[in-house]
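Some notes on the structure that comes next.
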Amino acid sequence: MTRYNAKESEPKWQAAWTEHGCFEAHENSDRPKYYVLEMFPYPSGKIHMGHVRNYAMGDVLARYKLAQGYNVLHPMGWDAFGMPAENAAMERNTHPATWTYANIDAMRAQLKAMGFAIDWSREIATCDPDYYRHEQAMFLDFLENGYAYRKEASVNWDPVDQTVLANEQVIDGKGWRSGAVVEKRKLSQWFLSISDLADDLLNDLATLKRWPEKVVTMQTNWIGRSEGLSMTFELVGDGAPKQGLEIYTTRPDTLFGASFCALAPDHPIAQQLAQHNPDLESFIRACQASGTSEEDIEKAEKLGYRTSLTAKHPFIAGKELPVFVANFILMEYGTGAIFGCPAHDQRDLDFARKYGLEVLPVVIPAGEDAATFSIDDDAYTGDGVLGNSHFLDGLDIEAAKSTIIKRIEDMGRGQGTVHFKLRDWGVSRQRYWGCPIPIVHCDDCGAVPVPKKDLPVKLPKDVTFDTPGNPLDRHPTWKHVDCPRCNKAAQRETDTFDTFIDSSWYFARFCSPKAETPTDRSAVDYWLPVDQYIGGVEHAILHLLYARFYTRAMKACNHIGLDEPFDGLFTQGMVIHETYQDEDGAWVAPDDVRITVSGNDRSASHITTGKPVTIGAIEKMSKSKKNTVDPQGIIDQYGADTARWFMLSDSPPERDVEWTEAGVEGAWRFVQRFWSTIADPENDALPSLNASKPEGELNAQANDLRKRSHKAVAAITDAIEAFHFNRAVAHLYELTNSIRKAAPQLRGGSDLDQWALREAMGFATQLIAPMMPHLAEQCWQHIGGEGLVIQAKWPEAEPALLTEDAITIAIQVNGKRRDEMDIAKDLPNDEVEARALAQDRIQEAIGGKTPRKVIVVPNRIVNIVL
RNA sequence: GCCCCUGUGGCGGAAUUGGUAGACGCGAUGGAUUCAAAAUCCAUUGUCCUUGCGGACGUGCCUGUUCGAGUCAGGCCAGGGGCACCA
């Protein structure tokens, strides 16, 4: 028998699928549609194991749904804009486009070699003008419909590189590349008003039934809705603004426990006071200079500067609260000002202790008395009843909140309001390799949209990266254009879009990738929503929230007809690997490590030097720790099916999977074992899979095999539906073992027995096809299956074969298992009880006592209680 | 600090609604085959006691509910993830 040759087989079947157009999706179908999508890759150069895992999962689903008779859309594209291309351009002196498209070509070839069931005719790349011109058109629609606007915002500015840095590029307050101290700079930038839709985005999370709860929770927290009160305090003192001070609080019930007010350092009133107060000015400067990293915040002391102003308490005549400028108040949240109630907020308490302010409890826990309850080092944030609070006394917290809000509203001093942490999405990037923002700035007309007929605004090709700054800005001619409105000389916007915009609507473009408009309504109405979206949990917030917002904005502009783009979401785990370090602490790549096993102990040495190597933690594959394994090497050595199978085995898809050499070898062994199970020459005399079922009686073993294989059909179908690929794999191992065990006898049996064996082989081949499609095609051909296995209808189990008429149940005495017995299924309880009590071992265990109670759970268990 | 998730053999992990814990795979050990190896096949493999039959213990820890708990409840511990001076 010949070994299975993946190298020969895989390209052959890939060609066959292409030739038959197996994966091309068409809208005109009477089959139900199914849109399966994996998050599209950034074209970094070559695929990594994370891609293999992600796309293997999506592929199982796509092929399974295809076999189930669905009209499947399973497209692929490239999230092709972004900084790495510019960095590569600087380092290698190539153009970002050259680098990107070369990467795309390389990665496309690799994905094709993996044999994924992708409709390549729908391929898109976000850096293609044919893609981004529609993005520009939609931005203009958003602008017209009030979803986009322009405002001043501060950015991280690297004065050496003359560029804006993302927060992640600022390390210890310095630019990651230049090392220069980063400045805050105000730039006029474009924003999308995602916060206008905060309520919808929050409420509709409840409709996402097939999303992981974890992601829903994370988005809920990110949107951060809170209900509270905005109210104005009257200010007194030198230079007090007569409009007063507007604060925001979620605990209006604690107003009678207020002992100070505090402003953010960049609050307008603080700024104004600082103009005539050098001490305050330097305090504010110190606040702004302090770091914003987690660690800094953790360590930072609560600092305040007591201004000359005081705030009048609205209900306590003569009570005035000192007004501080404090370093822990954020201008971006609420109104940038608070009243502090130290008894019931830890930060306020820390602050009050430091500055000797009053701490008056106003929420009294059950069992305490308002007159004697006191606060020590910990603020009391629990439940209770109001005390020391005039007209609120005796109310619970919720009642007190609504009462005080009503009073303040009636006084015209404020109103109950809702605040969100979610802020508008700044989309301007001072970068070359992104989608140009289709705007012209005219001295007279302001920001003028580029007319749609003039789109796309294309990136110029002749740019250089040898000097810092934005190449679009210093390009000699590109930005100089005439105003579309008044024809006077004007300047193009030289910013490009955040690349998250590119990925916020690509799933819609896949429905009609060649349409002359951003979407073809009949196509998106047919295909959307995406039935199953699959990707890494690292996109749980930004990408998925942006895409949800974008879908709503597109709907408002008539590009799409629904609110939620992704009906089902699955977030898969990472691929991880052991790390290795040599004696000097340098990381060693897995390829350079030799592992020695003795018993259950493992040790490692360097493959060339022979020196000992320490086996370290199992971590996400990363270049810096050198614990990566290149999928290409695996494909070359074992073939795509082995890599796919390993990725789907063992670990549940949502958890991390550890890549191990032994595991891959195990997968490879199984590929061969499966092939030899099917292609054993001894089987050659068996009837073809097409042969009709002969008459006669099955022998016991053949009957058993039929039961096993039909049960496998049911179990594997359920497992795939539930995204339990590891369990589907386990069932396939079992079915294969059953076939191997039964084959020698059944081969020599009756025609019907032989047919049953062949049937089981056919099932196994079909069931394995979504995971190892090439191997399956080879086997399918070998056993005489009709056409391609990918085109075969998914098998269905005969219900009669799924139930057993004889079962084994356990017998317990006092909850401990003492024996088991074979009984007929659905045997009446009293008979089961009688038979259980008659068992020798049970009699022994009972020891002559009379059972107090006998519990019979039909077809499951008997428990005898003494 | 707040929120969420996860703890099962040497390892990855199975175990419908509470009903025989450890399926399946990896690793390991012994054997067959072989001149030898690779490959393949067979057997054993939770721990402890026992020559064997068998028995005791066992799903992070402690309590509880139940005839019966990996599964349910309460309280801890450990690991991972997310958010965070958000008023």
Side-chain angles (χ1 to χ4, degrees), chain A residues 3 212-222 224 226 228-229 247-252 254 262 264 292 294 296-298 300-302 326-330 332-341 344-348 350-351 381 419-423 537-538 540-541 597-602 618 646 649-652 654-658 660-667 669-670 672-673 676 718 724 726-737 740 808-820 841 851-866:
Chain A
R3 308 252 305 156
E213 214 175 313
K214 179 167 112 175
V215 174
V216 171
T217 308
M218 283 164 72
Q219 291 213 356
T220 303
N221 293 338
W222 187 261
S226 69
L229 169 70
I247 60 91
Y248 174 70
T249 179
T250 55
R251 291 298 301 275
T254 64
T292 50
E294 248 176 68
D296 292 336
I297 290 165
E298 202 67 50
E301 211 179 340
K302 311 253 173 300
N327 64 346
F328 62 96
I329 308 300
L330 304 175
E332 297 81 35
Y333 188 78
T335 58
I338 61 150
F339 76 74
C341 176
H344 306 293
D345 182 292
Q346 193 60 44
R347 284 164 313 169
D348 294 349
D350 295 345
F351 191 80
T381 54
H419 272 277
F420 294 95
K421 290 185 199 170
L422 182 68
R423 294 194 236 134
V537 73
E538 66 272 21
I541 297 175
V597 182
S598 73
N600 291 322
D601 295 326
R602 299 166 73 243
I618 302 163
F646 178 74
S649 311
D650 292 349
S651 286
E654 67 277 7
R655 276 197 231 170
D656 292 349
V657 59
E658 188 193 352
T660 63
E661 193 58 31
V664 184
E665 277 165 17
R669 266 202 302 276
F670 180 69
Q672 293 302 341
R673 215 148 65 91
S676 71
D718 288 350
H724 295 151
N726 56 320
R727 291 189 230 174
V729 165
H731 286 298
L732 273 160
Y733 274 115
E734 279 182 280
L735 178 58
T736 309
N737 289 342
R740 290 175 74 86
T808 306
I809 66 168
I811 308 165
Q812 296 181 329
V813 175
N814 279 341
K816 285 187 195 288
R817 192 180 80 91
R818 292 300 171 193
D819 202 1
E820 60 183 31
R841 285 211 196 128
R852 265 200 300 137
K853 193 154 60 156
V854 179
I855 292 146
V856 179
V857 182
N859 300 325
R860 289 223 181 242
I861 205 166
V862 179
N863 191 11
I864 297 158
V865 187
L866 297 178

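Residue numbers start from 1 in every chain, and the chains themselves are labelled A, B, ... in the order their sequence lines are given, proteins ahead of strands. For the numbers below, each heavy atom of this structure counts, side chains included, while hydrogens, waters and symmetry mates do not. Note that this is a predicted model, so its numbers are computed, not measured.
Both distances falling under 3.5 Å, in either a Watson-Crick or a G-U wobble arrangement, place U40(B) opposite A32(B). Under the Watson-Crick or G-U wobble criterion, with both distances below 3.5 Å, G68(B) has no partner in any strand shown. Across all strands shown, C86(B) forms no Watson-Crick or G-U wobble pair with both key distances under 3.5 Å. Partner assigned to G27(B) is U45(B), using Watson-Crick or G-U wobble distances below 3.5 angstrom. Shown here, G22(B) forms no base pair; nothing in the strands shown gives a Watson-Crick or G-U wobble contact with both key distances under 3.5 Å.
Here C26(B) is the nucleotide among A23(B), C26(B), C85(B) with the atom lying nearest to any side-chain atom of Ala662(A). Closest to the Arg655(A) side chain, of the nucleotides C83(B), C86(B), G7(B), is G7(B).
Across all strands, Asp345(A) comes closer than 4.0 Å to no nucleic acid atom at all (heavy-atom distances). As judged by a 4.0 angstrom heavy-atom cut-off over every strand, Ile864(A) is placed among residues making no nucleic acid contact. Among the heavy atoms of the strands lying under 4.0 Å from Glu820(A) is at least one base atom, whether or not backbone atoms are also near. Counting non-hydrogen atoms under 4.0 angstrom, Thr808(A) reaches a base of the nucleic acid. Nucleic acid contact class of Arg673(A) (heavy atoms, under 4.0 Å, all strands): sugar-phosphate only. Lys214(A) comes within 4.0 angstrom of no nucleic acid atom, judged by non-hydrogen atoms across all strands. The residue Ser651(A) sits close only to the backbone: its heavy atoms come under 4.0 Å of sugar-phosphate atoms, none of a base.
Residue-to-nucleotide contacts include a donor-acceptor pair under 3.5 Å from the side chain of Arg860(A) to the base of U17(B). For Lys302(A) against C85(B), a side-chain N or O and a base N or O form a donor-acceptor pair under 3.5 Å.
Between Arg818(A) and A56(B), a side-chain N or O to OP1/OP2 separation shorter than 4.0 Å is present. Put simply, Asn737(A) has a side-chain N or O that comes within less than 4.0 Å of OP1 or OP2 on G25(B).
As rounded to the nearest Å, U20(B) and G58(B) have C1' atoms that lie 15 Å from one another. Atom name C1', nucleotides C11(B) and G22(B): the rounded distance is 13 Å, in whole Å. Across A43(B) and U65(B), the matching P atoms stand 46 Å from one another, rounded to whole Å.
The residue among Asp650(A) and Lys816(A) whose nearest nucleotide of RNA chain B is located toward the 5' end is Asp650(A). Two residues, Tyr733(A) and Gln812(A), neighbour RNA chain B, and the one matched to the more 5' nucleotide by heavy-atom proximity is Gln812(A).
Checked against Arg852(A) for a side chain to side chain contact (heavy atoms under 4.5 Å, CB included), the options Val865(A), Asn814(A), Ile864(A) give a single hit: Val865(A).
A distance-only check finds no donor-acceptor pair linking the side chain of Arg673(A) to the backbone of Thr736(A) [under 3.5 Å].
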